[in-house]
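Throughout, a chain's letter reflects where its sequence line sits, starting with A, and its residues are numbered from 1. Given the structure is predicted, the values throughout are model-derived calculations rather than measurements.
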Amino acid sequence: MSRFSAPRGTQDILPSATPRWQFIESKIRETCRLYGFNEIRTPTFEETELFIKHTGESTDIVNKEMYTFTSRGGQSLTLRPEGTPGTVRAYLEHNLGANLPVAKLYYLSRIFRYERPQAGRYREHNQFGVEMIGSAEPLADAEVISLAWQLFKSLGLTDIELKLNSLGGPEDRPAYRQALREYAEPILEELCPTCKERYDKNPLRMLDCKVPTCRELLANAPGPVDFLCAVCKEHFETLQKYLDSLGINYTVDPRLVRGLDYYTRTVFEFQTPHLGAQNTICGGGRYDNMIEEMGGPPTPALGFGIGLERLLLTLEGHDIELPGVPKPQVFVAALGTAAKEVTVKLLAELREAGVATETDYTGRSLKAQMKLADKYDAKIVLIIGEDEVSQGVVTLRDMLSKEQRQIPIKQVLSTVKDLL
RNA sequence: GCGGGUGUAGCUCAGUUGGUUAGAGCGUCAGGUUGUGGCCCUGAAGGCCGUGAGUUCAAGUCUCAUCACUCGCCCCA
């Protein structure tokens, strides 16, 4: 064993597991194709400032979880701790809003956060995210939520719960914030230290507190829904109507606020009952101000992120059948120098014809090679020894029926293709 | 950042009150026919007992530290 090991909170995804990853990735790509979302790939790191400004200065992500380093040129760079700011940056940099009225983007990328690792929480994780930029219509919200729902459904997950809330727009926020502060002021001394801090910096997050006493004290606090302006209210109601007609179950959770600063109006989370503390499998919402704040024209947008490790853990907890490593269809067992010369060519011919073919590379006995073929679960074994070489034939064994016959080497390909 | 649990072969785990060469099952490799798989039998390889220090005549076993994993808090995907 090497004296090195993977850094804390990172993991090797081994060949035995990659087929499962490819499986969910292919489901993701297919779902995105159906919904008309196209893939975007942005850099692994960005200017640190991008996240500070747009993920938000009051977030934990920015305050204590970023992998920040200085480049040789003296620039401060950060491994992306979430996908949205980089995607929006690319959208603006390349003027992706110019061609079509709405940009529908998706990404599969690695995300980095310096956190304490736990089941379903890593320092490097894979995330599937979607961003829909350019529509303020509730239809856009419905489409984005529907996409996530459809993905879960196509993977066989039916017990995922959707939680929904509306935080209101920039017009409603000050009044609500004020009301919340007014409510909290008399009980401020009884709240936990973090909530006291939130009172000043970001009062909304007080609703999110898990401390029992805070929960109790804030139980009757006004929710953002109570302060929605007419437009926001209608937006939220229309979205719910759409979700109803889509048959998507949801619960409105007036305390759902999420930990990123940029959200406006719709926020949502999909939760699974099977992951313990890390039960949020998908989180997202609207961020109607970010694009303008980044220097673009006022442009409404929304999106979500899905943690693939969590998604996979959920699937594995459901006994959903997941693919294993691919199997060769044919195994070629060669004995002796002359046979190997024939084999090299035969292997290439079979593969060129689209037949997955395996062989032995360690000069084992025929018995050992048969065992290997069995382990690979090959349907057909082609045996080539001195006798076969001198007669210009190969021995073809059907591993299931155990039937065995000799066929001319020229006919191998057609015979094999018939049998598969 | 805080609190609890765990750490012995590739994998899953045993290792008695500290006491000689650290065990099992699975897996791997070889043999049981001269060119033939699954079952069975035999044998072999494979272990800085996570790492470092300490206590002791003696440490896988006790103490401390450290690292990693894991569960909860926090946060989030």
Side-chain angles (χ1 to χ4, degrees), chain A residues 1 3-11 14 16 55 58-65 80-84 108-130 148 192-195 197-198 205 208-212 214 256-260 268-272 275-284 303-314 331 333-336 339 360 362 364-389 394-404:
Chain A
M1 219 210 286
R3 67 191 180 82
F4 293 112
S5 56
R8 183 164 199 199
T10 67
Q11 51 178 352
L14 303 176
S16 55
T55 298
S58 81
T59 60
D60 284 358
I61 291 181
V62 167
N63 282 306
K64 43 189 199 193
E65 296 175 2
R80 60 173 163 232
E82 61 137 339
T84 304
L108 282 159
S109 50
R110 306 223 180 188
I111 302 291
F112 305 85
R113 289 182 203 165
Y114 190 87
E115 298 182 89
R116 178 117 181 215
Q118 213 172 293
R121 190 171 78 187
Y122 309 92
R123 289 184 173 178
E124 178 185 28
H125 79 273
N126 289 276
Q127 202 171 111
F128 158 55
V130 147
C192 73
T194 12
C195 276
E197 214 175 294
R198 286 167 176 158
R205 305 253 12 246
D208 206 22
C209 191
K210 309 294 190 297
V211 178
C214 293
L256 180 68
V257 294
R258 305 201 39 77
L260 284 82
F268 61 91
E269 281 184 11
F270 283 93
Q271 298 179 349
T272 161
L275 280 184
Q278 262 56 55
N279 64 347
T280 299
I281 199 171
C282 169
F304 67 69
I306 291 180
L308 298 190
E309 283 78 2
R310 288 183 188 177
L311 184 57
L312 197 54
L313 283 171
T314 308
F331 185 96
L335 292 162
D360 165 62
T362 55
R364 298 179 182 207
S365 66
L366 181 59
K367 182 176 178 163
Q369 292 194 52
M370 291 304 289
K371 278 192 174 183
L372 236 195
D374 187 58
K375 197 176 168 187
Y376 278 124
D377 205 17
K379 283 201 179 89
I380 294 169
V381 174
L382 300 174
I383 302 165
I384 308 174
E386 283 172 27
D387 300 349
E388 283 85 354
V389 173
V394 308
T395 298
L396 184 152
R397 181 177 175 89
D398 184 314
M399 290 298 270
L400 221 117
S401 67
K402 298 182 176 184
E403 276 170 36
Q404 203 162 301

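- The same atom, P, is picked in A22(B) and in A44(B); the two are 16 Å apart, to the nearest Å.
- Nucleotides C75(B) and U17(B) place their C1' atoms 47 Å apart, quoted to the nearest Å.
- I383(A) and L366(A) get closest at one heavy-atom pair: CG2-CD1, 4.1 Å.
- Rounding to the nearest 0.5 Å places CD of Q404(A) at 9.5 Å from CE of M399(A).
- A donor-acceptor pair under 3.5 Å links the side-chain atoms of Q369(A) to the main chain of A334(A), judged by distance alone.
- A side-chain donor-acceptor contact under 3.5 Å links R121(A) to the backbone of R116(A).
- The C1' atoms of U6(B) and A77(B) are separated by 26 Å, rounded to the nearest whole Å.
- Using a distance-only test at 3.5 Å, with no hydrogens or angles considered, no donor-acceptor pair links the side chain of R310(A) to the main chain of I281(A).
- Separating the P atom of G27(B) from that of U21(B) is a span of 31 Å, rounded to the nearest Å.
- At a cut-off of 3.5 Å, with distance as the only test, a side-chain donor of T395(A) or E388(A) sits close to an acceptor on the other residue.
- Across all strands shown, G18(B) has no partner, as no Watson-Crick or G-U wobble contact with both distances under 3.5 Å is found.
- Put simply, the side chain of E309(A) gets close to the backbone of N126(A): a donor and an acceptor are under 3.5 Å apart.
- Base-pair partner of C73(B): G1(B) (Watson-Crick or G-U wobble, both distances under 3.5 Å).
- With a cut-off of 3.5 Å on both pairing distances, the Watson-Crick or G-U wobble partner of U6(B) is A68(B).
- Counting any heavy atom pair closer than 4.0 Å across all strands shown, G336(A) reaches no nucleic acid atom.
- One C1' atom belongs to C57(B), the other to C2(B), and the distance between them is 43 Å to the nearest Å.
- The partner of C13(B) is G23(B), judged by Watson-Crick or G-U wobble contacts that both fall below 3.5 Å.
- Summarising the base pairing, C62(B) is matched to G54(B) through a Watson-Crick or G-U wobble pair whose two defining distances lie under 3.5 Å.
- Taking both residues in full, the closest heavy atoms of G307(A) and H125(A) are given as CA-CD2, 4.4 Å, listed atom of the first, atom of the second, then distance.
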Expected string for nucleotides 71-77 of chain B under the B/S/- scheme (protein heavy atoms, under 4.0 Å, primed atoms plus P, OP1, OP2 as sugar-phosphate) is SBBBBBB
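- A distance of about 30 Å separates the P atoms of C11(B) and G54(B), rounded to the whole Å.
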One character per nucleotide, please: for nucleotides 30-38 of chain B, 5' to 3', B when the base has a protein heavy atom closer than 4.0 Å, S when only the sugar-phosphate does, - otherwise. S-B--BBBB
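- For the C1' atoms, the distance from U55(B) to U28(B) is 41 Å, rounded to whole Å.
- With a cut-off of 3.5 Å on both pairing distances, G46(B) has no Watson-Crick or G-U wobble partner at all.
- Between the side chains of T10(A) and E124(A), no donor-acceptor pair is found at a separation under 3.5 Å.
- Nucleotides A24(B) and A45(B) have their P atoms positioned 12 Å apart, rounded to a whole Å.
- The two residues Q127(A) and I111(A) come nearest to each other via the heavy atoms CB-CG1, 3.6 Å.
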